[in-house]
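Just below is one structure, and these are the notes that go with it.
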Amino acid sequence: MSAKISLFFSLTLFLVFCKANAANITKILNQYPDFSTFNDYLSKTGLATDINSRQTITVLVVDNGNISPSSGKSDAAIKKILSVHVILDYYDTKKLENLPNKTAILTTLYQSSGQATGQQGFLNATDVSTGSVAIGSAAKGESLGANLVKSIASQPFNVSVLQISTLIIPLGIDNTTSKNSTSPLASPTPASSPKKSPSPKKSPPSDGSPPKPSDTPAADAPANDSPSEGTTLQLSLFVVFIIVSSTLWLVSTI
């Protein structure tokens with residue numbers, strides 16, 4: 001009986017430890033009033049829960065002044081659009097500005113939802129010049145309409161929050177879009193001045209598989225870089241759990 005109590009106690013400690021170290025996107029964005037609308041959308045659509053359940057994630061956020069393209073859209077449409085802004089891998093500014101092949105295809109939460117048509121669930125990130133990264137939908141006919149602005153917060157190598165200049169709305173994702181719906185870039189400001197968008201890229205393939213960037217270099221595989229860090233953390237936590245459980249069991253048998 002004492003052994004079972006010890007095991008239960010160890011498991012409880014393990015779960016509490018994991019929860020204490022889990023990232024909470026809502027709490028992170030609560031510290032930055034400029035992203036209050038984006039944060040409200042995450043809570044309202046339930047995406048915050050999906051994001052918090054992930055071990056490795058990157059969230060592309062847009063400030064209140066540039067989120068107007070979402071105005072008037074249904075909650076369902078907003079959820080789809082914001083899902084495109086959640087990358088299923090860890091990317092910080094340094095990683096995006098130093099892509100080995102200058103370009104990468106990124107898989108988003110929308111792609112994993114099973115609702116994506118064609119390449120709607122993929123993003124194309126391209127280093128267009130020193131310190132300038134353009135990001136846009138990898139869907140056919142789309143251009144790279146948003147720019148990386150700056151890092152908002154990061155917890156390597158689990159959660160990264162990056163600001164981009166405008167919403168990325170893939171063609172047809174809300175069933176009303178008739179053309180590329182990324183809004184015009186905001187006027188430059190001293191704090192963060194989005195850079196000029198590059199010319200439209202060539203259309204990616206439409207067979208449902210991850211598209212290749214239009215540039216000659218092959219895309220950097222989204223899942224090949226930092227995930228090992230998340231795996232290491234999980235293994236470390238498991239080892240801690242085993243050690244604590246064994247120790248308490250031995251103590252209980254004395």
Side-chain angles (χ1 to χ4, degrees), residues 22-30 32 35-63 66-67 69-70 73-93 95-96 104-125 133-139 142 144-170 173-174 181-182 210-211 219-227 229-230:
N24 187 307
I25 187 62
T26 301
K27 289 184 178 179
I28 292 174
L29 292 180
N30 276 342
Y32 305 95
F35 304 101
S36 60
T37 301
F38 192 99
N39 198 16
D40 288 343
Y41 282 157
L42 292 181
S43 297
K44 188 176 182 180
T45 60
L47 279 177
T49 300
D50 293 338
I51 293 171
N52 294 340
S53 68
R54 298 277 177 167
Q55 180 69 29
T56 305
I57 210 82
T58 299
V59 183
L60 306 178
V61 299
V62 178
D63 62 30
N66 290 291
I67 204 169
S70 63
K73 297 187 184 300
S74 66
D75 290 349
I78 292 175
K79 182 173 184 178
K80 291 179 181 180
I81 293 168
L82 265 59
S83 294
V84 176
H85 293 69
V86 181
I87 301 169
L88 303 183
D89 198 358
Y90 180 87
Y91 280 89
D92 52 20
T93 53
K95 186 175 179 180
L96 285 175
I105 296 299
L106 315 178
T107 304
T108 72
L109 187 60
Y110 185 58
Q111 182 64 27
S112 70
S113 71
Q115 302 179 65
T117 301
Q119 312 304 333
Q120 286 179 332
F122 297 100
L123 293 179
N124 183 335
V133 178
I135 304 174
S137 171
E142 299 283 3
L144 305 182
N147 293 293
L148 175 65
V149 177
K150 61 183 178 182
S151 174
I152 301 302
S154 64
Q155 296 179 15
F157 291 88
N158 299 110
V159 178
S160 176
V161 181
L162 303 175
Q163 180 184 358
I164 58 175
S165 59
T166 188
L167 281 178
I168 299 170
I169 307 180
I173 193 171
D174 59 353
S181 299
T182 49
D220 178 35
N224 287 343
D225 291 325
S226 301
E229 299 290 344

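Keep in mind it's a predicted model, so treat the numbers as computed, not measured. Numbers for residues simply follow the sequence, beginning at 1. Side-chain atoms are counted along with the backbone in the values below, which use heavy atoms only and exclude waters and symmetry mates.
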**Request:** Give a yes or no answer on whether the side chain of Tyr110 reaches the backbone of Gln115 with a donor-acceptor pair at less than 3.5 Å.
**Result:** yes
**Request:** Spell out, as yes or no, whether a donor-acceptor pair under 3.5 Å connects the side chain of Gln120 to the backbone of Thr117.
**Result:** yes
**Prompt:** Donor-acceptor pair, Ser83 side chain versus Leu109 backbone, under 3.5 Å?
**Reply:** no
**Prompt:** Can you check whether Gln163 reaches Leu148 side chain to side chain, under 4.5 Å on heavy atoms?
**Reply:** no
**Message:** Between Ser160 and Tyr91 (side chain of the first, backbone of the second, donor and acceptor by atom type, cut-off under 3.5 Å), is there such a pair?
**Reply:** yes
**Under 3.5 Å donor-acceptor, Asn52 side chain and Ala48 backbone** = yes
**Request:** Flag the pair Leu29 / Leu42 as yes when at least one side-chain heavy-atom distance between them is below 4.5 Å, and no otherwise.
**Result:** yes
**Request:** Please examine the side chains of Val84 and Leu123, heavy atoms only from C-beta on, and report whether any two atoms are closer than 4.5 Å.
**Result:** yes
**Asked** Would Lys44 and Asp75 pass as an ion pair if we require N to O under 4.0 Å?
**Response** yes
**Asked** Within the side chain of Ser43, is there an N or O that forms a donor-acceptor pair under 3.5 Å with the backbone of Asp40?
**Response** no
**Item:** Heavy-atom check, side chain of Tyr32 versus side chain of Ile152, under 4.5 Å
**Value:** yes
**Message:** Check whether Asn158 reaches the backbone of Gln55 with its side chain - one donor and one acceptor, N or O, closer than 3.5 Å.
**Reply:** yes
**Polar side-chain atom of Thr93 near backbone of Ser151 as donor-acceptor pair, under 3.5 Å** = no
**Message:** So Ser113 and Lys79, do their side chains get closer than 4.5 Å, heavy atoms only?
**Reply:** no
**Donor-acceptor under 3.5 Å (His85 side chain, Leu167 main chain)** = no
